[in-house]
Amino acid sequence: MKNKNIIVVTGASSGMGREFTHQIAYWASVGRVAADEIWVIARRIERLETLKNAVPIPVCPLALDLTNPDDIDAYRQLLAEERPNITILANCAGFGRMDHFEEVPLHAHLNMVDLNIKAPIAITTHSLPYMHAGARVMNLCSISGFLPCPYINVYAATKAFMVSWSRALGRELAHRGIRVTAACPYWVRTEFIDRAQGNGGRDGKRDGRSGGQREAQRPAFTNFFGIMDADTVVRRIIADLFHGRSLSLPGLPAKAIFTASRLLPVRTLMWAQLRLQHLDGSPIRRSDVPTS
């Protein structure tokens, strides 16, 4: 019996991963991509289940925490049992925290490294034996991967790793006919920003203070000039993916920042970022606000 063709998308429950799922499923339904099924991976099974009636091809929801080695191994075992042909692998899972480095708990930084770096390496490693000539890997990176970014420095550093790894991996897989695209968008309207500011999500809750008060602060980032909609960004990423481009810079802001990162000193780039957000490199001032 012929092995089924599948698309695998991590981080599919929300944001860019969910939008990518919607759009790539459409292209599969019209024959642009060979796919009998799409495997969607995230922690929130209820969000994944809703995709079954939202996209035009069959969906296989996999509730996995990609920071958990046991869940990574469960993915490996499922591949060994099903032996599918993976035509597209999209590593979209990830999270960030926007705050002064000293104000972010160590476990949040380490979880960021686990999800943003270790998880895509593991998922890609386990997926490659089931990928053949013509297959595509899309790693969701960020334009922040091209420059140090104060107040979101660990996230930006993980994306710098992802950009470098993706481009080198693409060169190593070229002999197999597998293309790798590092997608590097600018700010995108998704749940990511709200969560990264500390308003819920993975490691997003702040500790309250005693005495009927809570800890409040101005968001680290307040200027998102040029922010783009997820559907537009994903549409451009998919176009670059289909064309086999190693680097996707969706939108004018991403292209401008990429060019600036090649022309300007790092110190100047960081100064410009701080000025744009009205920050000076010191911890963000907090105030006690009574709870309602």
Side-chain angles (χ1 to χ4, degrees), residues 7-11 16-17 20 24 33 41 66-67 69 72 75-76 79 85-96 109-149 152-186 188 233-234 236-251 253-266 269:
I7 297 168
V8 178
V9 183
T10 71
M16 294 286 283
F20 186 89
I24 206 65
V33 181
I41 300 174
L66 298 183
T67 65
I72 292 287
Y75 174 73
R76 179 192 63 78
L79 288 174
N85 175 40
I86 301 175
T87 57
I88 293 179
L89 168 63
N91 287 305
C92 300
F95 82 103
H109 283 147
L110 297 182
N111 284 347
M112 213 178 300
V113 172
D114 287 344
L115 186 61
N116 296 5
I117 294 178
K118 294 169 68 175
I121 291 176
I123 291 295
T124 302
T125 298
H126 294 320
S127 299
L128 281 174
Y130 305 93
M131 303 181 76
H132 307 285
R136 298 283 189 269
V137 178
M138 191 283 286
N139 288 328
L140 184 59
C141 306
S142 167
I143 197 62
S144 65
F146 292 102
L147 65 164
C149 295
I152 192 169
N153 57 57
V154 173
Y155 172 82
T158 66
K159 295 306 179 179
F161 173 92
M162 287 298 294
V163 171
S164 179
W165 174 61
S166 298
R167 302 190 79 175
L169 179 66
R171 186 65 186 85
E172 293 183 40
L173 295 179
H175 76 284
R176 291 183 53 189
I178 299 173
R179 299 292 185 90
V180 180
T181 298
C184 302
Y186 177 64
V188 184
V233 172
V234 170
R236 295 180 183 182
I237 289 173
I238 289 177
D240 289 335
L241 184 69
F242 286 163
H243 283 94
R245 296 190 176 108
S246 63
L247 184 64
S248 176
L249 300 167
K255 291 178 174 62
I257 293 172
F258 174 78
T259 301
S261 72
R262 293 299 183 262
L263 299 176
L264 300 177
V266 168
L269 293 169

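As the structure is a computational prediction, the values presented were derived from the model and not from experiment. Index from 1, following the sequence. Basis for what follows: all heavy atoms, side chains included, without hydrogens, waters or symmetry-related copies.
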Assess, by modelled atom type and distance only, whether the side chains of S144 and Y186 contain a donor and an acceptor separated by less than 3.5 Å. no

Is it the case that the side chain of T181 and the backbone of A183 share a donor-acceptor pair, with hydrogens and angles ignored and the cut-off at 3.5 Å? no

For the backbone of L128 and the side chain of R176, can you confirm whether one donor and one acceptor N or O come within less than 3.5 Å of each other? yes

Mind checking whether H126 and Y75 have parallel, tilted or perpendicular rings, split at 30° and 60°? tilted

Between T158 (side chain only) and Y155 (backbone N and O only), is there a donor and an acceptor less than 3.5 Å apart? yes

To the nearest 0.5 Å, tell me how far S248 OG sits from H243 NE2. 11.5 Å

Where the side chain of S164 meets the backbone of A160, is there a donor-acceptor pair that is under 3.5 Å apart? no

Quick one: does K118's side chain have a donor or acceptor within less than 3.5 Å of a partner on M112's backbone? no

Starting at SG of C141, measure out to CZ of F146 and round the result to the nearest 0.5 Å. 7.5 Å

Pick out which of V137, L241, L247, L89 makes a side chain to side chain contact (heavy atoms under 4.5 Å, CB included) with V180. V137

Do N91 and T124 have side-chain N/O donor and acceptor atoms under 3.5 Å apart? yes

Are any side-chain N or O atoms of R179 and backbone N or O atoms of G244, one a donor and one an acceptor, separated by less than 3.5 Å? yes

Check S142 against V163 and note the closest heavy-atom contact, atom names and distance. O-CG2, 4.4 Å

Can a side-chain donor-acceptor contact be found between D114 and T67 if the only test is distance below 3.5 angstrom? no

